[in-house]
Amino acid sequence: QVDQERFKAWKTPGGHRRIDLASLQAYQGRLQVSQSVRTLKPGLPVVKIIVDDASSSSALMNELKRWSKFFDISFWSSMPEALLSFTNQLPDVLIVQMSAPLPLQLSTVSALGKFLAQARKPFSVVCLSDNPELNARVPEGSTPAIQILTQPLTPIWLKAFLTGVHAASHASD
């Protein structure tokens with residue numbers, strides 16, 4: 001998509017691609033799919049997880065396999081890929097593990113806040129950061145739907161979090 005110039009993008013000095021959020025949102029708008037699109041597992045809460053650190057991915061994937069009967073879970077390695085998947089299905093919960101430099105984490109939180117403000121349905125966002133300064137640098141009240149935690153995304157944390165979400169989704173039954 002980038003090579004075909006459907007997105008505005010650039011490369012960092014390290015050779016990583018960065019895609020302009022506005023171009024992603026414009027692309028989503030062009031591909032907007034009806035909200036009546038069914039998930040592969042109807043009725044299950046949709047959880048999308050974005051992990052930008054490949055070293056922790058395999059342990060997390062093993063934990064996620066245990067939860068597939070309770071959640072429709074998808075795993076992404078980059079924010080642009082995940083945002084494109086929102087064209088077909090918005091999540092109920094988005095978990096974002098961030099290990100990028102602080103300025104990029106701040107722009108990610110800001111972009112997620114803007115996206116949430118425009119989303120056709122509300123959803124919860126949890127950002128896990130390895131930088132203790134992130135909470136202090138995000139203006140208070142600017143992202144009320146985003147919870148920022150200064151801790152790593154581990155299989156133990158994921159199990160505890162998904163247990164809580166599962167219990168909460170069945171509390172009204």
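Treat the numbers as computed from the prediction; the structure is a model and nothing was measured. Residue numbers run from 1 in the order of the sequence given.
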Of all heavy-atom pairs between [X] and [Y], which one has the smallest distance, and what is that distance?
X: S85; Y: W76; result: CB-CZ2, 3.3 Å
X: L162; Y: F71; result: O-CZ, 3.5 Å
X: P45; Y: D92; result: CA-OD2, 3.3 Å
X: H166; Y: W67; result: CB-CZ3, 4.3 Å
X: P155; Y: L60; result: N-CD2, 3.8 Å
X: I146; Y: G113; result: CD1-N, 3.6 Å

Strictly distance-based, threshold 3.5 Å: is any side-chain N or O of [X] a donor or acceptor partner for the main-chain N or O of [Y]?
X: N135; Y: I148; value: yes
X: S110; Y: S107; value: no
X: T108; Y: L104; value: yes
X: Q147; Y: V126; value: no

Does the side chain of [Y] come within less than 4.5 Å of [X]'s, by heavy atoms?
X: I95; Y: L128; result: yes
X: V125; Y: F123; result: yes
X: V109; Y: M98; result: yes

Please report the interatomic distance [atom1]([X]) to [atom2]([Y]), rounded to the nearest 0.5 Å.
X: L102; Y: S129; atom1: CG; atom2: OG; value: 7.0 Å
X: I50; Y: S78; atom1: CD1; atom2: OG; value: 7.5 Å
X: E133; Y: N131; atom1: CD; atom2: CG; value: 5.0 Å
X: M61; Y: L158; atom1: CE; atom2: CG; value: 11.0 Å

Pick from L64, L94, V96: which one makes a side chain to side chain contact (heavy atoms under 4.5 Å, CB included) with I49?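 Single side chain to side chain contact (heavy atoms under 4.5 Å, CB included) partner of I49 among L64, L94, V96: L64.
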After noting the C-alpha distance and the side-chain angles of F115 and L90, does the key distance pass the side-chain contact (heavy atoms from CB on, under 4.5 Å) rule? CA-CA 11 Å; F115 185 85; L90 284 173; 3.9 Å; yes
